[in-house]
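So the structure is just underneath, and the comments pick up after that.
Quick note: residue numbers are just sequence positions, from 1. Values reported hereafter were calculated over all heavy atoms of this structure, with side chains retained and with hydrogens, waters and symmetry mates removed.
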Amino acid sequence: MKVAGLVLAAGGGSRLGRPKAEVVVGGRRLVDLAIESCIWAELSPVVVVLGAAWLTPMPPAARPDGVTPEIWLVENSDWATGMASSLQAGLAALQADLSIEAVVVTLVDTPSVGQEHLSRIGSALRGGSTAAIATYEGKARTPVGLAREVWADVGATAAGDEGARGWLRAHPHLVTHVECADLGSWKDIDTPADLPD
């Protein structure tokens, strides 16, 4: 089963004061960290939605199985309208490749979400889940996995700064919850105070 990775990285980071994709943490840009996590989780292609800042990702290393990663850059000119437009742009790009059966969606501003989180969501999709969401002590966060058959519906219901959340809440019978608290707490970067020292 071919499962893609989708990195939402288009935002301007209004509370942070700069686009989050270009923020450097531990010597690496957040966008490069997110792409690498997708690659090591064996998600392919990795689709990166950019907007407020257009960045060329650092050349990624080959996957452990030796496969050269495929990275698609997608521009979201409507990035200022919120996360939904980035999710819609990413899903639209993926629709073109009929061999892709599912996608794992992650955010550029969550460096706490790594390869293991993405792998668990990918495994749930490969195991037959229509949708999967990472939970942390029962609280739903990211990453989120979506089978191809729901992409159009998810895209149509996403609005403003809410990506897949509304659709997931409306279809609980289709959602597999994947506990990830054992991998560490979920953190995002919204303000300068959230940046690691």
Interatomic distance, CG@Leu8 vs CG@Asn76, rounded to 0.5 Å, equals 9.5 Å
Could you see if Val108 belongs to whatever hydrophobic cluster contains Val144? Use Ile, Leu, Val, Met, Phe, Trp, Tyr and a side-chain cutoff under 4.5 Å. no
Strictly by salt bridge (charged side-chain N to carboxylate O under 4.0 Å, His left out), give each pair with a member in residues 85-98 just once, sequence neighbours left out. Lys2-Asp97
Atom of Leu168, atom of Ala131 and distance for their closest heavy-atom approach: CD2-CB, 4.0 Å
With a 4.5 Å heavy-atom cut-off, do Tyr136 and His117 have their side chains touching? yes
Find the distance between CG (Leu87) and CZ (Arg165) and round it off to the nearest 0.5 Å. 12.0 Å
Connected via hydrophobic side-chain network under 4.5 Å: Ile35 and Val105: no
Treating Ile, Leu, Val, Met, Phe, Trp and Tyr as nodes and any side-chain heavy-atom pair under 4.5 angstrom as an edge, say whether Leu30 and Trp54 lie in one connected cluster. yes
Considering non-hydrogen atoms only, spot the tightest contact between Leu118 and Cys38 and give its length. CD1-N, 3.6 Å
Pro57 backbone acceptor or donor facing Asp32 side chain under 3.5 Å: no
Sequence neighbours excluded, the answer for side-chain contact (heavy atoms from CB on, under 4.5 Å) partners of Ala132 is Ile121, Ala124, Thr176, Val178
Starting at CG of Leu6, measure out to CH2 of Trp72 and round the result to the nearest 0.5 Å. 10.5 Å
Donor-acceptor contact present, side-chain Glu70 to main-chain Ser44, <3.5 Å: no
Please, which pairs that meet side chain to side chain donor-acceptor pair (under 3.5 Å) have at least one residue in residues 142-159, sequence neighbours excluded? Gln95-Arg148, Thr142-Trp186, Asp153-Trp167
Work out which heavy atom in Ala9 is nearest to a heavy atom in Val48; give both atom names and the distance. CB-CG1, 4.3 Å
Flag, side chain of Ser86 to backbone of Val49, donor-acceptor distance under 3.5 Å: no
Heavy atoms of Ile100 and Ala4 approach each other most closely as CG2-CB, 3.8 Å
Are the side chain of Ser85 and the backbone of Asp78 linked by a donor-acceptor contact shorter than 3.5 Å? yes
Between Leu94 and Leu146, is there shared hydrophobic-cluster membership here, with clusters defined by ILVMFWY side-chain heavy atoms closer than 4.5 Å? yes
Leu125 versus Met1, closest heavy-atom pair with distance: O-SD, 3.6 Å
Could you report the tightest heavy-atom contact between Leu55 and Leu73, atom names first, then the distance? O-CD1, 4.0 Å
Would you give the length of the straight line joining atom NE2 of His177 to atom OG of Ser129, rounded to the nearest 0.5 angstrom? 10.5 Å
Return all side-chain donor-acceptor pairs below 3.5 angstrom for residues 19-27, not counting sequence neighbours, or 'none' if the list is empty.
{"unit_1": "Lys20", "atom_1": "NZ", "unit_2": "Asp109", "atom_2": "OD2", "d": "2.8"}
{"unit_1": "Lys20", "atom_1": "NZ", "unit_2": "Ile189", "atom_2": "O", "d": "3.0"}
{"unit_1": "Lys20", "atom_1": "NZ", "unit_2": "Asp190", "atom_2": "OD1", "d": "2.8"}

Between Met83 and Leu107, is the side chain to side chain contact (heavy atoms under 4.5 Å, CB included) condition met? List the steps. CA-CA 10 Å; Met83 187 195 310; Leu107 307 177; 4.0 Å; yes
Is there any salt bridge (charged side-chain N to carboxylate O under 4.0 Å, His left out) pair reaching into residues 175-186, and which pairs are they, with sequence neighbours excluded? Arg120-Asp182
Residue pairs involving residues 129-142 (criterion salt bridge (charged side-chain N to carboxylate O under 4.0 Å, His left out); sequence neighbours excluded): none
Are Val74 and Val31 linked, directly or through other ILVMFWY residues, by side chains that come within less than 4.5 angstrom of each other? no
How about Ser37 and Thr106: do any of their side-chain heavy atoms sit closer than 4.5 Å? no
